[in-house]
Amino acid sequence: MIKDNDYVSYLQSPIGFMEIRANKKQIIGIQFVEKRDSYENTNFIIQEALKQLEEYFMGERKNFNFPFKFSGTLFQKRVWEELIKVPYGETLSYGDIAKSIGNFKASRAVGNANNKNKLLIVIPCHRIIGADGNLRGYRGEVWRKKWLLKHENKYLL
């Protein structure tokens, strides 16, 4: 029987190795990792995700349309669904996201939900910044967040 993590592949992106995990039907994880594991077992969904991520890094893709699944609390899912709506090359604050989900005082909780995002870039938590315009924490490290925002601004038009 195939389990959720039976499919895994790696992408050497301009900002480090990315591990892509899938089950039979959808992508379940995209994370930055220190190094590539020796185990790799791919499927057509991972192949499509790799292709689309490569296109993103080349500045040719702004949205992703491969199937993916996120799992978390109801609050986390609401936050992630809002993050998907943040347009390419734009930023919002944690407070903006809190307001958009109807929980005006939840900016810290939004930050915590961002930190639990297991589908980096596809769920663009890198587009969420502090109310003062400063970059805040990022699961993939702040220097990558800065790079991703600069990259998207370069290809915005």
With clusters defined by side-chain heavy atoms of hydrophobic residues (ILVMFWY) lying less than 4.5 Å apart, directly or transitively, does [Y] cluster with [X]?
X: L135; Y: F32; answer: no
X: M18; Y: M58; answer: no
X: Y138; Y: I15; answer: yes
X: W143; Y: I30; answer: yes
X: I129; Y: I84; answer: no

(message) Evaluate R21 against Q31 for side chain to side chain donor-acceptor pair (under 3.5 Å), listing each step before the verdict.
(response) CA-CA 9 Å; R21 291 191 169 275; Q31 301 291 312; over 6 Å; no
Counting only pairs under 3.5 Å, give me each side-chain donor-acceptor contact of residues 109-119, with atom names and distances, residues two or more places apart or in other chains.
from : atom 1 : to   : atom 2 : distance (Å)
N117 : OD1    : L119 : N      : 2.8
N117 : ND2    : I123 : O      : 2.8

(message) Salt bridge check, K77 against E81: does any charged N sit closer than 4.0 Å to a carboxylate O?
(response)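 Not counted as a salt bridge, because no side-chain N and carboxylate O are separated by less than 4.0 Å.
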(request) Measure the spacing between CZ of F75 and CD1 of I101 and express it to the nearest 0.5 Å. (result)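 Answer rounded to 0.5 Å: 4.0 Å.
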(message) Measuring from atom CG of N23 to atom CG of D6, what distance do you get when rounded to the nearest 0.5 angstrom?
(response)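 The distance works out to 9.5 Å.
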(request) Say whether Q12 and R36, considering side chains only, have a donor N or O and an acceptor N or O under 3.5 Å apart. (result)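 The criterion, which ignores hydrogens and geometry beyond distance, is not satisfied for R36 and Q12.
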(message) Using modelled atom types and a 3.5 Å cut-off, is there a donor and acceptor pairing between side-chain atoms of K145 and backbone atoms of I128?
(response)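 Answer holds: yes.
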Partner residues of [X] under the salt bridge (Lys or Arg N to Asp or Glu O under 4.0 Å) criterion, sequence neighbours left out:
X: E54; value: none
X: R78; value: none
X: E90; value: none
X: R108; value: none

(message) Y155: which residues meet the ring pair (Phe, Tyr, Trp, His ring centres under 6.0 Å) condition with it, sequence neighbours left out?
(response)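 By the ring pair (Phe, Tyr, Trp, His ring centres under 6.0 Å) rule, Y155 matches H151.
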(request) Please determine if R136 forms a cation-pi arrangement with Y94, meaning its NZ or CZ atom is less than 6.0 Å from the six-membered ring centre and no more than 45° off the ring axis. (result)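 No, R136 does not sit over the ring of Y94.
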(request) Could you walk me through whether R127 and Y88 pass the side chain to side chain contact (heavy atoms under 4.5 Å, CB included) test, one step at a time? (result) CA-CA 8 Å; R127 297 180 190 151; Y88 181 93; 3.7 Å; yes
